Asks: 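Following this message is one structure expressed as structure tokens.
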Number of protein chains: 2
Amino acid sequence: MYSVKVYVTYKASILDPQGEAVKTALHRLDFTNVESVTQGKYFELMIKKTGKNIDEQVEEMCTELLTNTNMESYTYEIEELTTVEG
Amino acid sequence: MYSVKVYVTYKASILDPQGEAVKTALHRLDFTNVESVTQGKYFELMIKKTGKNIDEQVEEMCTELLTNTNMESYTYEIEELTTVEG
């Protein structure tokens with residue numbers, strides 16, 4: 001079994017109105033030392049091990065469904081969970 | 001300057017319809033080995049160093065604005081960026 005975490009954010013060239021809105025709200029709450037905010041999507045997936053390459057599978061999931069590759073960029077972390085027998 | 005990453009997900013007891021929808025869609029794309037999907041929010045913040053404790057500040061930002069503590073739980077990572085003097 002794999003535990004996979006995917007982080008999706010807007011590409012730098014794309015305006016992030018949600019991030020701007022959060023920054024403005026934080027400033028109103030007196031967190032005026034906040035310089036910038038980016039808001040994105042976060043996925044946690046549990047994926048059963050098969051014969052297929054897990055990196056390739058996660059890449060395909062990201063490009064086919066989890067992100068809009070025109071506007072968003074993504075990074076991910078894959079951790080293999082070792083089940084304790086006994 | 002600090003680089004702060006905040007990960008917000010639904011509490012385990014809360015139904016995650018978005019995560020379920022993503023799982024169903026992945027299964028339709030033949031990723032049938034996906035066991036579970038959780039979708040949440042992801043924030044990247046750049047925060048100027050001040051006299052205040054950064055952990056306390058981030059905790060307050062999370063509980064006051066970034067999360068709905070009734071339904072969501074959060075984790076965060078704080079990294080201090082050292083500026084190289086030219």
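Residue numbering restarts at 1 for every chain, and letters A, B, ... go by the order of the sequence lines. Worth saying up front: this structure is predicted, and the values here are computed from it rather than measured.
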Asks: If you group Ile, Leu, Val, Met, Phe, Trp and Tyr by side-chain heavy-atom gaps below 4.5 Å, do A/Tyr10 and B/Val8 land in one group?
Replies: no
Asks: Backbone N or O of B/Lys48 within a donor-acceptor pair of the A/Asn33 side chain at under 3.5 Å?
Replies: yes
Asks: Should we count OH of A/Tyr2 as having more than 12 external heavy atoms under 6.0 Å?
Replies: yes
Asks: Identify the residues of residues 61-72 of chain A whose heavy atoms come closer than 4.5 Å to a heavy atom of chain B, ordered by number, or report 'none'.
Replies: A/Met61, A/Glu64, A/Leu65, A/Leu66
Asks: Is it possible for you to say whether B/Met46 and B/Ile54 belong to one hydrophobic cluster, with membership spreading through side-chain heavy-atom contacts below 4.5 Å?
Replies: no
Asks: If hydrophobic clusters are built from ILVMFWY residues whose side chains come within less than 4.5 Å, do A/Leu29 and B/Ile47 share one?
Replies: yes
Asks: What residues of residues 14-26 of chain B sit under 4.5 Å from chain A when you count only heavy atoms?
Replies: B/Val22, B/Ala25, B/Leu26
Asks: Side chains of A/Lys5 and A/Glu79, heavy atoms from C-beta outward: is any pair under 4.5 Å?
Replies: no
Asks: Under the ring pair (Phe, Tyr, Trp, His ring centres under 6.0 Å) rule, collect the residues that match up with A/Tyr42, sequence neighbours excluded.
Replies: A/Tyr7, B/Tyr7
Asks: Is there any ring pair (Phe, Tyr, Trp, His ring centres under 6.0 Å) pair reaching into residues 43-78 of chain A, and which pairs are they, with sequence neighbours excluded?
Replies: none
Asks: What part of A/Thr9 gets within 4.5 angstrom of chain B, counting heavy atoms only: side chain, backbone, both, or neither?
Replies: side chain
Asks: Identify the heavy atoms of A/Val4 and A/Val6 that sit nearest to each other, and give their distance.
Replies: CG1-CG2, 4.0 Å
Asks: For a 4.5 angstrom cut-off between non-hydrogen side-chain atoms, does B/Val34 reach B/Val37?
Replies: yes
